[in-house]
Amino acid sequence: MPELPEVETVRQQLAKDVVNRKVKAVSVDNGRMVRRHKSAKDFRTLIEGRSLKTFGRLGKYIIIGLDNGQSLVIHLGMSGQLRRAKSPKEVKEKHTHIVISFTQGGELRFIDPRTFGEMFISVPLPEGEIAEISESSSVAMGGEGIVVRGKIHELAKLGFDPVEDVMSWERFAVVLRSHTMGLKSFLTDQELVSGVGNIYADEILFAAGLRYDRETDSLSTIEVRRLWRSMVEILAESIKHGGSTLDDEQFVDLYGKKGNYQQFHEVYAREGEPCRRCRRPIIKVKSQSRSTFFCEHCQI
DNA sequence: CAAAATTCCTGACTGC
DNA sequence: TGCAGTCAGGAATTTT
């Protein structure tokens with residue numbers, strides 16, 4: 001499932017490959033993919049004729065700045081893929097729901113079997129209302145992310161992006177300790193930390209040597225710092241390897257290529273296999289109605 | 001049939 | 001009593 005590293009991988013590729021391209025036409029075969037708009041036609045009208053200028057990301061959302069100040073926002077959901085086609089003649093994969101064709105030829109296709117993903121055009125709010133929203137955003141602070149967040153009012157509630165937003169571990173400690181909840185709940189709450197999902201929460205917690213159900217306000221200073229470091233490092237490392245592609249091969253990049261980070265997973269989807277540190281079997285439990293993998297010996 | 005997991009929503013429970 | 005925060009569970013969804 002695409003989480004921050006996978007989304008970032010695609011963002012980087014888009015920034016290289018479709019920058020400055022002008023949208024000639026858009027087809028939408030399923031209104032659900034653009035559900036924030038009144039109709040698919042609405043969406044098409046807003047994007048046709050526009051050029052793609054900037055490529056940002058906030059959590060699991062890709063934010064493409066258009067030449068008129070509006071933005072194309074994309075979320076891949078669980079099974080969404082963005083794929084580049086050099087020509088309209090290339091065979092369309094099943095579940096291709098949105099096709100954005102460019103004037104210079106070539107297309108950007110959105111494939112999504114489970115249709116949990118979406119695209120929408122964000123129109124900036126009038127000046128006065130912007131300040132209000134970014135102020136109400138609980139943890140918003142510093143860095144490039146705030147600029148994007150402030151501009152995209154639909155994403156105002158997202159928490160800080162651990163890769164994009166600059167934040168010291170001391171600051172992180174304040175946010176962490178101001179809540180009473182399990183660590184995994186904290187990491188996967190998009191309004192607190194944006195971009196971390198089920199896979200990376202488990203990997204980060206293993207790297208930090210902390211259990212998924214440790215209470216956020218029970219960590220020592222050393223543990224907070226370890227969690228912070230693990231979060232930043234694991235996400236950066238995964239981005240370096242093009243993200244994770246699981247056995248279901250759900251995630252592939254713009255060109256259909258798999259990521260490589262799955263080979264470095266220490267716990268995720270390794271139930272019963274030996275922990276690489278202590279050799280004891282990895283445990284699987286349900287938490288927040290989601291699978292959680294961890295090592296009972298190495299995580300406290 | 002169950003499992004996979006995203007966001008959104010609702011309902012329940014807890015602590016102050 | 002009320003409120004905010006947290007969490008469990010369900011919906012929408014398709015493939016294996």
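Proteins get letters first, then strands, A, B, ... in listed order; numbering begins at 1 in each. Just so you know, these numbers come straight off a predicted model, no measurement behind them.
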Any idea which of [options] is nearest the [X] side chain?
X: A/M1; options: B/dC8, C/dA8, B/dT6; result: B/dT6
X: A/R290; options: C/dA8, C/dT13, B/dT6; result: B/dT6
X: A/H95; options: B/dA4, C/dT14, C/dC7; result: C/dT14
X: A/F116; options: C/dG9, C/dT15, B/dT6; result: B/dT6
X: A/R36; options: B/dT6, B/dC8, C/dT15; result: B/dC8
X: A/R32; options: B/dT6, C/dT13, B/dC8; result: C/dT13
X: A/M181; options: C/dG9, C/dC7, B/dT6; result: C/dC7

Sugar-phosphate, base or nothing in reach of [X], heavy atoms under 4.0 Å:
X: A/E118; result: nothing
X: A/K184; result: nothing
X: A/G117; result: nothing
X: A/S291; result: sugar-phosphate

>> Between A/L82 and A/L254, does the side chain to side chain contact (heavy atoms under 4.5 Å, CB included) criterion hold? Intermediate values first, please.
In response: CA-CA 6 Å; A/L82 282 175; A/L254 245 205; 4.2 Å; yes
> Would you call the rings of A/Y200 and A/H265 parallel, tilted or perpendicular if under 30° counts as parallel and over 60° as perpendicular?
Replying inline: perpendicular
Can you see if the side chain of [X] gets near the phosphate of [N] - specifically, an N or O under 4.0 Å from OP1 or OP2?
X: A/K60; N: B/dT7; value: yes
X: A/S185; N: C/dC7; value: yes
X: A/K284; N: B/dA3; value: no
X: A/H179; N: C/dG5; value: no

Interatomic distance, [X] [atom1] vs [N] [atom2] [rounded to whole Å]:
X: A/L183; N: C/dC7; atom1: CG; atom2: C1'; value: 15 Å
X: A/E271; N: B/dA4; atom1: CD; atom2: C1'; value: 14 Å
X: A/H75; N: C/dT13; atom1: NE2; atom2: P; value: 17 Å
X: A/E93; N: C/dT14; atom1: CD; atom2: C1'; value: 15 Å
X: A/F293; N: B/dA4; atom1: CZ; atom2: C1'; value: 10 Å
X: A/I111; N: C/dT15; atom1: CD1; atom2: C1'; value: 15 Å

>> I want to check a possible cation-pi pair here: A/R276 against A/F206, using under 6.0 Å from ring centre and within 45° of the ring axis as the test.
In response: no
> Considering only heavy atoms from C-beta outward, does the side chain of A/F264 approach that of A/E237 to under 4.5 Å?
Replying inline: no
> Going by distance alone, is a donor N or O of one side chain under 3.5 Å from an acceptor N or O of the other, for A/K184 and A/S287?
Replying inline: no
